[in-house]
Number of protein chains: 2
Amino acid sequence: MSEKRYVSSTDVARLAGVSQSAVSRTFTEGASVSEATREKVMAAARSLGYRPNFLPQALMSNRSRLVAVAVGAVTNPFYASVLQQFTAALQDAGQQVALIQVASDYAMDAVLDRIAGYRVDALVSALAVLSPDTARALSALRIPVVCFNGRLRAEWVSSVSIDNLAAGAEAADHLHQAGGRRFAFLSGPPGSPATKDRRTGFVRRLRTLREGAPLLLSGDYSYESGLAAALRVTDAAPRPDAVACANDLAALGFLDGLRRAGVRSPEDVLVLGYDNIGMDAWEPYQLSSFDQNVPELIRRTLRLILDGDAAEEARRGVLEKVPARLVARRTTAAPMFPLI
Amino acid sequence: MSEKRYVSSTDVARLAGVSQSAVSRTFTEGASVSEATREKVMAAARSLGYRPNFLPQALMSNRSRLVAVAVGAVTNPFYASVLQQFTAALQDAGQQVALIQVASDYAMDAVLDRIAGYRVDALVSALAVLSPDTARALSALRIPVVCFNGRLRAEWVSSVSIDNLAAGAEAADHLHQAGGRRFAFLSGPPGSPATKDRRTGFVRRLRTLREGAPLLLSGDYSYESGLAAALRVTDAAPRPDAVACANDLAALGFLDGLRRAGVRSPEDVLVLGYDNIGMDAWEPYQLSSFDQNVPELIRRTLRLILDGDAAEEARRGVLEKVPARLVARRTTAAPMFPLI
DNA sequence: ATGAAAGCGCTAACAG
DNA sequence: CTGTTAGCGCTTTCAT
């Protein structure tokens with residue numbers, strides 16, 4: 001493609017018979033321009049189809065009004081929903097989202113140049129796993145970094161998440177109360193802090209409840225891994241009767257695995273997940289789940305990356321925790337002892 | 001946040017004891033720098049943590065290596081998947097995605113300034129509906145615009161989609177062959193060209209097959225709209241026994257609506273959708289669907305927006321059509337007359 | 001209120 | 001191969 005020719009403020013100024021500064025002022029909120037000048041400028045701008053170029057401004061101020069959002073799998077409905085809400089919120093705040101797809105944590109290095117190159121104002125990582133090494137590299141950029149759903153804290157690196165330990169404990173309580181006796185926990189990928197904390201809270205609370213240690217199942221947050229885990233479990237003797245899954249996508253797969261094996265939920269196995277994605281409420285699932293209160297998580301994230309008092313703290317690294325809210329549906333309804 | 005101070009090539013040059021140009025050349029692919037200079041520069045750059053700034057380059061060349069992607073609902077798994085694959089492909093091509101969330105077509109105007117302001121190299125619209133008015137406004141930007149899944153064609157505006165007319169006809173064939181006799185079509189939102197073409201192809205082919213005109217159901221591509229449509233239809237007399245849905249999300253809702261009403265698929269009603277999203281293969285659904293061959297659609301899109309011969313044509317507006325591929329699953333399996 | 005001029009960090013053209 | 005210089009399109013002093 002040949003060199004593009006865009007209309008510049010100089011072009012507009014020439015046509016309007018004013019200085020280039022006058023054009024700039026006309027398009028700057030709250031600058032002092034006489035009504036007469038403004039009208040001349042606007043007329044010229046309209047006739048030339050002038051659109052101010054943000055790049056010089058970004059160049060001078062080192063503020064691009066671009067926020068990089070690093071995602072792993074947008075195909076996980078939870079992250080799709082987060083991305084959608086986050087993008088909308090950021091647009092309302094006058095910022096843009098630069099979407100960055102990160103296949104694995106290793107690929108992150110290649111991404112650093114781009115983040116730095118565009119002088120993005122902040123980085124939000126919605127990656128399940130973010131290694132301390134990567135975090136260190138991000139620190140060096142000296143821009144606010146927020147780990148959505150993480151718990152890393154370092155200079156310039158903050159985290160915003162639900163209280164996963166508490167939500168893990170509450171999962172144990174809920175399953176116990178619903179009549180579960182032989183527990184299991186289906187994990188996400190090994191490095192994920194969310195999965196670790198949920199599991200830790202779960203295991204600890206079971207101990208408090210004087211229940212046996214749960215069967216630990218491994219997964220990777222995917223539907224398929226949940227389905228596979230269920231098929232492994234239906235053979236086990238004794239079979240667990242209450243399973244907490246580290247996320248909903250895997251939980252839905254787990255339910256379908258049970259279904260395929262002819263095992264019913266909640267009658268034979270209670271199932272509980274995290275994220276409260278839309279599909280939980282779908283007819284064949286009715287999955288009980290913890291809602292992460294995404295709007296609140298996003299609000300906190302914005303406070304940390306946008307200008308303001310909170311952004312100052314964020315430079316030192318902050319850990320924000322929001323309570324999760326249990327949404328009980330059919331898969332944890334106690335058939336024998338209904339909750340009154 | 002106070003003025004950021006970034007390391008510039010001048011800083012590096014000073015430390016390395018070379019000219020600023022030498023630094024620039026060191027970071028420019030294929031520029032002539034002696035090995036000695038390169039090493040001095042790299043050492044200085046490393047010690048200062050220098051990262052080249054893309055903004056000046058973008059400013060001079062009017063090429064930002066940013067591609068704007070406008071999406072409506074990323075929560076639709078089909079678009080989530082498209083976004084994921086597209087972002088990855090664009091990154092491989094050295095471009096970045098600027099994600100733009102568009103609530104409604106009206107909001108598009110507000111978005112124009114941003115697209116122009118960042119001097120994005122191209123715009124890809126993955127919106128279900130894009131009015132000719134908006135398209136006209138986009139034309140004026142004089143950057144390649146590609147309507148993903150659309151069929152608009154204008155100066156600078158191209159479209160890439162499956163052959164929806166053909167896929168509509170094939171849906172009629174397939175349902176007819178599977179034993180359907182009383183047909184229905186569940187539409188997406190009124191303005192969507194995809195829904196229109198699929199429906200038109202469907203209706204025409206039924207006529208050719210000498211079948212009655214299908215019952216027309218209205219929806220909006222959402223799960224809920226599909227579910228509601230099914231509940232309306234189960235009361236109808238005579239009830240349709242073969243339904244083509246304009247997209248899978250609505251088709252899944254339709255299946256769940258049938259389920260709730262105690263109507264079985266495929267035994268009582270054949271159901272067919274479009275998009276072949278991951279959930280189609282989930283245990284309780286097994287939905288037959290048309291695969292859009294997203295990788296190929298993306299390849300075509302990239303050809304139109306990235307530099308090259310195809311990009312030249314794109315300025316005049318191009319219509320690219322890719323054949324869809326039917327993926328037959330349980331919901332269209334003829335119980336009486338199985339396909340051999 | 002307005003114009004002139006400087007300068008952000010880089011690339012490209014030119015001279016050596 | 002390397003340094004000097006100009007300039008991309010803005011915003012921001014500084015005069016007037």
Side-chain angles (χ1 to χ4, degrees), chain A residues 2-42 44-45 48-66 113-114 116-121, chain B residues 2-42 44-45 48-66 113-114 116-121:
Chain A
S2 58
E3 282 288 299
K4 287 261 172 48
R5 173 74 185 127
Y6 279 92
V7 179
S8 72
S9 57
T10 313
D11 299 331
V12 176
R14 193 165 23 235
L15 180 62
V18 298
S19 74
Q20 180 270 328
S21 311
V23 177
S24 173
R25 280 191 268 258
T26 303
F27 285 90
T28 303
E29 196 76 22
S32 54
V33 213
S34 72
E35 200 47 46
T37 306
R38 151 168 273 115
E39 270 170 30
K40 273 192 294 184
V41 169
M42 289 308 276
L48 292 176
Y50 170 68
R51 308 257 180 190
N53 188 343
F54 292 172
L55 266 22
Q57 186 182 357
L59 176 57
M60 302 197 69
S61 62
N62 280 316
R63 310 189 76 256
S64 58
R65 285 196 261 164
L66 237 32
D113 278 330
R114 287 197 279 252
Y118 283 100
R119 296 298 190 253
V120 300
D121 294 348
Chain B
S2 59
E3 282 288 300
K4 287 258 174 47
R5 172 71 186 129
Y6 278 92
V7 179
S8 73
S9 57
T10 312
D11 299 330
V12 176
R14 192 164 24 231
L15 179 62
V18 298
S19 75
Q20 181 270 328
S21 309
V23 178
S24 174
R25 279 190 271 258
T26 302
F27 285 90
T28 304
E29 196 77 23
S32 54
V33 213
S34 70
E35 200 48 45
T37 305
R38 152 167 272 115
E39 272 169 29
K40 275 192 293 185
V41 169
M42 289 309 276
L48 293 176
Y50 169 69
R51 309 258 179 189
N53 188 342
F54 293 171
L55 266 21
Q57 187 181 356
L59 176 58
M60 301 195 70
S61 62
N62 278 318
R63 311 189 73 257
S64 58
R65 288 196 260 162
L66 238 31
D113 278 329
R114 288 198 278 251
Y118 284 99
R119 297 298 190 252
V120 300
D121 294 347

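Here the structure is a predicted model, which is why all the values come from computation and not from measurement.
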Nearest heavy-atom neighbours spanning [X] and [Y]:
{"X": "B/Arg65", "Y": "B/Asp121", "value": "N-OD2, 2.9 Å"}
{"X": "A/Asn53", "Y": "B/Gly117", "value": "OD1-O, 3.3 Å"}
{"X": "A/Leu55", "Y": "B/Ala58", "value": "CD2-CB, 3.8 Å"}
{"X": "B/Ala45", "Y": "B/Phe27", "value": "CB-CZ, 3.9 Å"}
{"X": "B/Arg119", "Y": "A/Pro52", "value": "NH1-O, 4.0 Å"}
{"X": "B/Tyr50", "Y": "B/Val7", "value": "CD1-O, 3.4 Å"}

Derivation and outcome, salt bridge (Lys or Arg N to Asp or Glu O under 4.0 Å), residues A/Asp113 and B/Arg51: CA-CA 7 Å; A/Asp113 278 330; B/Arg51 309 258 179 189; 2.9 Å; yes

A/Arg65 CZ - D/dC10 P separation (whole Å): 13 Å

Contact list please: residues 30-37 of chain A against DNA chain D, heavy atoms, distance less than 4.0 Å, in numerical order. none

Does a side-chain heavy-atom distance below 4.5 Å link A/Asp11 with A/Arg14? yes

Hey, are the side chains of A/Thr28 and A/Val33 touching, using non-hydrogen atoms and a 4.5 Å cut-off? no

Listed pairs, N/O of protein and of nucleotides 9-12 of chain C, under 3.5 Å:
| from | atom 1 | to | atom 2 | distance (Å) |
| --- | --- | --- | --- | --- |
| C/dC10 | OP1 | B/Tyr50 | OH | 2.8 |
| C/dC10 | OP1 | B/Asn53 | N | 3.3 |
| C/dC10 | OP2 | B/Ser9 | N | 2.5 |
| C/dC10 | OP2 | B/Ser9 | OG | 2.5 |
| C/dT11 | OP2 | B/Ser24 | OG | 2.2 |
| C/dT11 | O4 | B/Gln20 | OE1 | 3.4 |
| C/dA12 | N6 | B/Ser21 | OG | 3.3 |

Within the 3.5 Å criterion, strictly below it, is a donor on B/Ser9 or B/Gln20 matched to an acceptor on the partner's side chain? yes

The helix from C/dA1-D/dT16 to C/dG16-D/dC1: angle between end helix axes, five pairs per end, rounded to 10 degrees: 40°

